Amino acid sequence: MAEKAISMQLSGKKILLAVTGSIAAYKAPLFVRLLVKAGAEVKVITTPAAEKFVSPLSLATVSKHPVWNNVNDGATWNNHVALGLWADAMIIAPCSANTLGKLANGLCDNLVCAVYLSARCPVFIAPAMDEDMWLHASTRHNVKTLRTYGNHIIPVAHGELASGLVGDGRMAEPEDMVKFLSDHFSDTNKPLKGLNALVTAGPTYERIDPVRFIGNFSSGKMGVAIAEALADKGAKVTLVSGPSSVYTYHSGINTIRIESAEQMYDECIAVFGKCDITVMAAAVADYRPEETADHKIKKTDKALDIKLVKTKDILAALGALKQPRQLLAGFALETNDEIQNAKQKLNTKNADLIVLNSLRDAGAGFGHDTNKITIISSQGSLSLPLQSKREAAEAIVNKIVELRHAEKTV
Ligand code: CTP
């Protein structure tokens, strides 16, 4: 029965297996065999060190595809971008401590690292090493970093290690890795499947003249992390993003790029009606210059006065349009009386949930990769510790799933 369920999830899926230099590589042919048996198409790449532990001939035979281990084989260039695009999922198993360190730091001296950096599909990493290496602070740091990049870490197993010691660090068993992958493709992990979501991200720029604008320090990281967390749970996401250098290639996200608060308002109003979930993470300008000069304003000896007028409050406008089936979440960036101000925003903007950021918390707010948030709804508030923006995004999305579920069961 369990085997049948696994086959349903993996049948027709394209899996790219990257094998690196660890004794656990001897289990790779069995892992490929199980994936193929479940109906997946499997291609294998290796690092040069992996071939000391497992033969490319075995891997090619069980996968029924050639095995590549180099970006070029003398005269032929192996297209790492094409391999990353081909796959529905990439799994690096076993992933040695050395490769883990390279991936966490963007190093790219072999085919596995090059494919990893160019892959747009979900990436799964199954570490394998001795317990002391696994517990070393640098390995902990690398695993944490890779997780914050959105990679899925397959937990190591406890047991006998190559050193003869017993402890943590063994690669998960091939059967367990197949199950992990199949769970990823399963609908039970996608409570938002069939729902539409709208997320805003980044700053807005309000033009003064063709070369100057009023903006803010928002990076767009938090909004993108929320869009990805919603899409991972199955939602079809429209991401309306202000000027930001943060991009997402998630297949469940359609990104619309805008510049000003007015453009963000227009795009949000256009799609809001069909959205079940909306999260306004953008730092929208509250004021814009009344006039935008059509030429560069020249410097003079006098002071320059620019009259600012209010922009439209997008969250409040969506709150006024909100229907009972729709869930609306906003952010509150505060420097003082945080909880009180955030609760007020919940009411005045007719939101179901407000995510509070305090600029008084170190590591929270603009530009950082971390955030410290409090999630406030009519049911109460939940304060979370400093964590990666990815983890904070997952906590927000879990709360949204919980609120939707509570709504349905009332
Ligand atoms: N927001 C919006 N449109 C605006 C301003 C803000 O949609 N013109 C949204 C933000 O995306 C965020 C929420 O409103 O979800 C709160 O933003 P924040 O800047 O904290 O509050 P403001 O409403 O701008 O109020 P204040 O600046 O006075 O705190």
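Counting starts at 1 for both ligands and their atoms, following the listed order. Quick caveat: nothing in here was measured; it's all calculated off a predicted structure.
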Partner residues of Asn105 under the side-chain hydrogen bond (donor to acceptor under 3.5 Å, both in side chains) criterion, sequence neighbours left out: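 For Asn105, no residue satisfies side-chain hydrogen bond (donor to acceptor under 3.5 Å, both in side chains) once neighbours in sequence are set aside.
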Indicate every side-chain donor-acceptor pair of residues 33-44 with a distance under 3.5 Å to a residue at least two apart or in another chain.
residue : atom : partner : partner atom : Å
Glu41   : OE2  : His65   : NE2          : 3.0

Donor-acceptor list for residues 274-298 side chains, cut-off 3.5 Å, not counting sequence neighbours:
residue : atom : partner : partner atom : Å
Asp276  : OD1  : Arg325  : NH1          : 3.2
Asp276  : OD2  : Asn196  : N            : 2.7
Thr292  : OG1  : Arg207  : O            : 3.1

Pi-cation contact, Trp134 with Arg140 (under 6.0 Å, within 45°):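 Yes, Arg140 and Trp134 form such a contact.
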For ligand 1, the residues whose heavy atoms come within less than 4.0 Å (ordered by chain, then number):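 Met280, Ala282, Val284, Ala285, Asp286, Thr311, Lys312, Asp313, Ile314, Leu315, Gly330, Phe331, Ala332, Leu333, Lys345, Lys349.
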Electrostatic pair Glu394:Arg390 at N-O distance under 4.0 angstrom: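 Yes, this pair counts.
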Pair His184-Phe124, ring-ring contact (aromatic ring centres under 6.0 Å, His included): steps then yes or no: CA-CA 10 Å; His184 169 79; Phe124 297 79; 5.0 Å; yes
